[in-house]
Amino acid sequence: MGPSSLEVMEELNSVTVSPLKRRVRQRRGIREIIKTKLQRNLSCSGPKLKRTLTGFFPVVKWLPKYKVKEYIWGDLMSGLIIGIILIPQAIAYCLLAGLEPIYGLYTSFFANIIYFFMGTSRHVSVGIFSLMSLMVGQVVDREVYLAGFDLNEDGTKNAFGLNGTEETNTTVVNLKIIAINMECGKECYAISIATALTFLAGVYQVMMAVLRLGFVSIYLSAPMLDGFATGASCTILTIQAKYLLGLKIPRHQGYGTVVVTWINIFKNIHKTNFCDLITSAICIIVLVAGKEIQDRYKDRLKIPLPTELVVVAVATIVSHFADLNGQFSSSISGAIPTGFIPPKVPSVELMPRVAYDAIPLAVISFAFTVSLSEMFAKKNGYTVRPNQEMIAIGFCNIIPSFFHSFTTSAALAKTMVKDSTGCQTQVSSVVSALVVLLVLLFFAPFFYALQKCVLACIIIISLRGALRKFLDVPKQWRESKIEAIVWLVTMSSTALISVELGLLIGVVFSMICVVVQTQNPKASLLGQIEQTTDYEDMEEYDNLSPVPKVKIFRFQAPLFYANKDFFLKSLYKATDLEPFLEITRRRKLARENLKAREKAAKKTDSVDQTNGDVSVSLISKDFDFHTIILDCSCISIIDTTGVSTFKTVLKDYKEVDINVILACCNTTVIDSLKRGSFFGAGDKDMEILSFHTIHSAVCFATGTTPPVNDSSV
C-alpha cells in the first residue's frame with residue numbers, strides 16, 4: 001500500500017509553492033440581465049442610430065472610402081464577366097425552377113443590387129443558384145400539379161381537361177386555390193408559388209438573424225453539404241436529360257425522382273427529337289472543350305472564356321434562321337418580354353401551403369452564403385459579420401419576391417470567378433446588375449428562338465464540379481471513413497429519395513455519427529516518458545515506463561449519460577479489476593471459509609464463537625497497483641450521470657483498498673463535481689482528489705516530492 005494521505009500532504013506543504021486560486025465571478029440574476037439588455041437595446045441616441053444604420057447598410061461605411069483608381073478596374077472587369085455569365089445561367093436555371101426565363105433575369109438583377117447595400121463580403125456573388133432553383137422547382141411543380149394544371153411545358157390545359165379560364169367544381173383541389181388559378185393561369189400561378197416560397201424563406205432567414213440562430217449552420221458539416229450538393233446535382237442532371245433528347249415528360253412528383261425519371265426516359269426513348277439530340281451533342285462538346293481549355297490555361301488567361309454566352313448566341317441565331325421549332329418541333333424558350341412587370345405582393349393564401357418547404361430553402365441558402373463569405377474573407381484578409389450576412393440574404397429574398405423573383409443564394413463558381421478577375425468590392429455586383437438590366441430592357445426578345453436543350457446543356461456542364469466529388473471518395477475514405485460514410489449516405493438519400501429528405505437524413509446521420517464517436521471513444525493507460533514529467537498512451541508510443549503501483553487512465557471524450565457504461569467497461573478492462581466482482585469474490589470466499597471453520601469446529605467439538613466473525617479484508621488479493629489516476633484532460637464536460645459515475649468509481653475501488661484521484665480537470669468539470677458533492681461536504685477532500693497535472697498526482701500517489709511549479713487544485 002502507498003503512503004498515507006497526511007504524510008504526503010505534510011511533505012507537499014513543506015515545499016514553497018504559490019497556490020492557484022479560482023477567481024470569484026459575480027453572477028448576475030436573470031432579472032438584472034434582462035434589464036441591462038433592454039436598456040441597451042431600447043435606448044436611442046445619435047451615435048447608436050448611426051451604428052445601427054451603418055451595421056444594417058454596410059455600404060454607407062465602405063463606399064465613402066472607395067479608392068477609385070485602385071479598385072475601379074478590377075470591379076468593372078469582374079462585374080462585366082459575372083454579368084455575361086449570369087445571362088445564360090439566369091435563363092437556363094428557370095428550367096429547373098419551372099418558371100419563365102424572364103423571372104431568372106429579375107432574380108439576378110435584384111439580388112445583386114440588394115446585396116450591394118447590405119452584404120459585408122467583398123467577393124461573394126449572390127444570385128440565381130442551381131440548387132436553390134431545383135428546390136424551388138420541386139415545390140412549384142408539386143403545387144401546380146395539385147392545382148390541376150398539366151405539368152407538360154407545352155400543355156395548355158389543366159389535368160381536368162379544362163382551359164385556364166374555365167371553372168370546375170372538382171373536390172380534389174381547394175376551391176380557394178382554384179379561384180386563384182383561374183385569375184391568371186398556369187404560369188402566373190407558378191410564379192405566385194415561387195414568390196410566396198421566397199418571401200417566407202427570406203422571413204425565416206431574417207428571424208434566424210434576429211434570434212441569433214446562426215448556430216444552426218454548424219450542424220451542416222462539410223461532408224454532409226458536399227454529399228447534399230452532389231446528390232442534388234444527380235437530380236438536376238436527371239431532370240435535364242429529357243431536354244437533351246427532346247422528350248416531353250412531366251417532372252415526377254414524390255420520392256424517387258431520379259429512378260422514375262430515368263425509367264420514363266427509356267420508355268419514351270423512341271420519341272427522341274434528333275434535332276435536339278444533335279444540338280445537345282454539339283453544345284456539350286463545345287462547352288466541355290471551353291471548360292477544359294479554361295482549366296488548363298487559367299494561369300495565362302486573364303479573364304474566363306465566355307463559352308456559355310457564345311454557345312447561347314450561336315445556337316439562337318442558328319435556331320432562328322433554320323426555324324428549328326417549325327421544321328423539327330424543337331422546344332424553344334419562347335417570348336421573353338422586355339422591361340419590368342409591375343410589383344405584386346406575394347400571395348398570403350399560398351403561404352400556408354409552402355411554409356414547411358421554405359425552411360430547408362432558408363437554411364441551405366444562408367449556410368452556403370455565410371460559409372462562402374467567411375471563406376473568401378479569410379483568403380483576402382478581412383472579416384465579415386455572419387449575422388449581417390443572414391440579414392442580407394434574407395432581404396435578397398424578401399424584397400425581390402415583390403418583383404416576381406425566386407430564392408437566391410451565394411454561388412461558389414461565380415464567387416471564384418469574381419475573386420480571380422480582380423474584384424475588390426461589391427461595386428462589381430452593381431456592374432453585373434447593369435449588364436442584366438441591359439438584357440431586360442433591350443435584348444431579351446432576341447432569345448425567343450433559343451432551344452431548351454441548349455439551356456439544359458449549360459446547366460449540366462455547370463454541375464462538373466459537384467459531380468467530380470465522386471472521384472474524391474477513395475481519398476476521403478482513406479482520410480476519414482466516418483466522413484466518407486456521411487457523404488455517401490447524404491448523397492444517396494438526396495438522389496434516390498428526395499432533396500428535402502436527403503438534407504434531413506444527412507443532418508440526422510452526421511449528428512448520429514458524432515454521438516456514436518462520443519459513445520465509443522478511445523480509452524488507454526498512460527506511461528511516463530523517460531526523464532520527463534510527461535505521460536502518453538502506452539499503446540501508441542514505445543519507450544514509455546509504467547509508473548510502479550499506479551495506473552493512469554485517460555478517457556478521450558466528454559463523460560455523460562450515453563457513454564458512462566463504456567467508461568466503466570474501459571476502466572475495468574484497463575485496470576483488470578472490476579471492484580464489484582472482487583467484492584463479491586471476497587464475500588463468497590469469506591462465507592466458504594466460515595463454513596469450513598464451522599465444520600472443523602463441529603468435528604473437534606470446540607467451536608470458538610469469537611472466530612465466527614470473519615473479515616472480508618482477510619480474504620484479500622494482492623494487486624500490482626494501489627492508485628488509479630483518471631486523466632481528465634480530454635473530458636470537456638461532465639453531466640450529473642458522469643458525476644455519479646465518478647462517485648461510484650471512487651466508492652467501489654475504495655472498498656478494495658484502491659485509491660482513485662483525478663488530474664487535469666478543467667474548470668467546467670471541477671464546477672460540476674463541486675455541485676455534485678464529489679469532494680465531500682465543503683469540498684474538504686478536494687486537495688487529495690484533484691490535481692492540475694498528471695505528474696503532481698503521480699507524486700502524491702507515490703509519496704515523492706513534485707517539482708516546485710506543480711500543485712494540486
Side-chain angles (χ1 to χ4, degrees), residues 89-111 114 127-130 132-158 163-165 173-174 176-203 239 250-251 253 333-355 357-358 361 365 396-409 436 439-440 444 447 452 455:
Q89 286 191 355
I91 297 173
Y93 288 162
C94 285
L95 283 181
L96 285 174
L99 302 169
E100 291 294 303
I102 189 66
Y103 302 126
L105 296 172
Y106 289 160
T107 302
S108 299
F109 173 77
F110 286 109
I114 295 168
I128 197 165
F129 183 38
S130 59
M132 296 295 104
S133 301
L134 171 67
M135 297 176 74
V136 170
Q138 290 186 327
V139 178
V140 167
D141 282 358
R142 183 196 70 204
E143 294 301 319
V144 167
Y145 174 78
L146 292 176
F149 288 105
D150 187 0
L151 288 183
N152 190 336
E153 292 86 354
D154 299 328
T156 57
K157 294 186 177 183
N158 61 26
N163 291 324
T165 54
V173 186
N174 185 283
K176 183 183 290 186
I177 295 181
I178 285 293
I180 297 173
N181 297 343
M182 297 308 106
E183 291 179 2
C184 55
K186 174 186 172 183
E187 299 304 335
C188 179
Y189 184 62
I191 189 60
S192 298
I193 290 291
T195 55
L197 180 68
T198 301
F199 178 82
L200 286 178
V203 169
I239 292 172
R251 186 183 297 187
Q253 300 301 308
S333 298
I336 303 177
T338 56
F340 290 91
I341 301 173
K344 183 180 178 182
V345 177
S347 174
V348 178
E349 290 84 358
L350 292 173
M351 289 182 188
R353 298 189 62 83
V354 296
D357 301 296
L361 267 172
S365 175
C396 282
N397 287 320
I398 292 175
I399 297 174
S401 68
F402 290 82
F403 296 91
H404 312 280
S405 302
F406 53 94
T407 313
T408 58
S409 169
V436 176
V439 175
L440 278 169
F447 295 103
K452 289 184 177 180
L455 299 176

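The structure displayed is predicted, hence computed values, not measured ones.
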Working to the nearest 0.5 angstrom, can you tell me the gap between F199 CZ and S405 OG? 14.0 Å
Pick one: which of D357, T407, L96 meets side chain to side chain contact (heavy atoms under 4.5 Å, CB included) with V136? T407
Closest approach of L99 to A194 (non-hydrogen atoms, all atoms of both residues): CD1-CB, 3.9 Å
Atom of N397, atom of F406 and distance for their closest heavy-atom approach: OD1-O, 4.4 Å
Spacing of L134 atom CG and I239 atom CD1 [to the nearest 0.5 Å]: 5.0 Å
Measure the shortest side-chain to side-chain distance between E100 and C94 over non-hydrogen atoms and say whether it is less than 4.5 angstrom. no
Which atom pair, heavy atoms only, marks the closest approach of C396 to T408? O-OG1, 3.7 Å
Under 4.5 Å between any side-chain heavy atoms of F402 and K344, yes or no? no
Any residue meeting side-chain hydrogen bond (donor to acceptor under 3.5 Å, both in side chains) with Q138, in chain and number order, not counting sequence neighbours: none
Measure the CD1-CZ distance between I341 and F403 for me, rounded to the nearest 0.5 Å. 12.0 Å
Taking the side chain from S133 and the backbone from F129, do they hold a donor-acceptor pair closer than 3.5 Å? yes
Would you say S401's side chain and I398's backbone share a donor-acceptor pair under 3.5 angstrom? yes
4.5 Å side-chain heavy-atom contact, L350 and Y189: yes
List in chain and number order the residues that pass ring pair (Phe, Tyr, Trp, His ring centres under 6.0 Å) with F340, two or more places apart in sequence or in another chain; answer none if no residue qualifies. Y106, F109, F110
Is there a side-chain contact between I102 and L440, using heavy atoms and a 4.5 Å cut-off? yes
Smallest separation among heavy atoms of D141 and G98, with atom names: OD1-CA, 4.4 Å
I'd like to know if the side chain of S347 pairs up with that of S192 as donor and acceptor (distance under 3.5 Å, no hydrogens or angles considered). no
Please report the shortest heavy-atom distance between R142 and R353, naming the atom on each side. NH2-O, 3.5 Å
So T198 and P400, do their side chains get closer than 4.5 Å, heavy atoms only? no
Heavy atoms only: give me the nearest E143-V354 pair and the separation to one decimal. CG-CG1, 4.4 Å
Any donor-acceptor pair under 3.5 Å linking the side chain of H404 with the backbone of P342? yes
How many angstroms lie between CD in E187 and OH in Y103, if you round to the nearest 0.5 Å? 7.0 Å
How long is the span from the CG atom in L197 to the CE atom in M132, to the nearest 0.5 Å? 10.5 Å
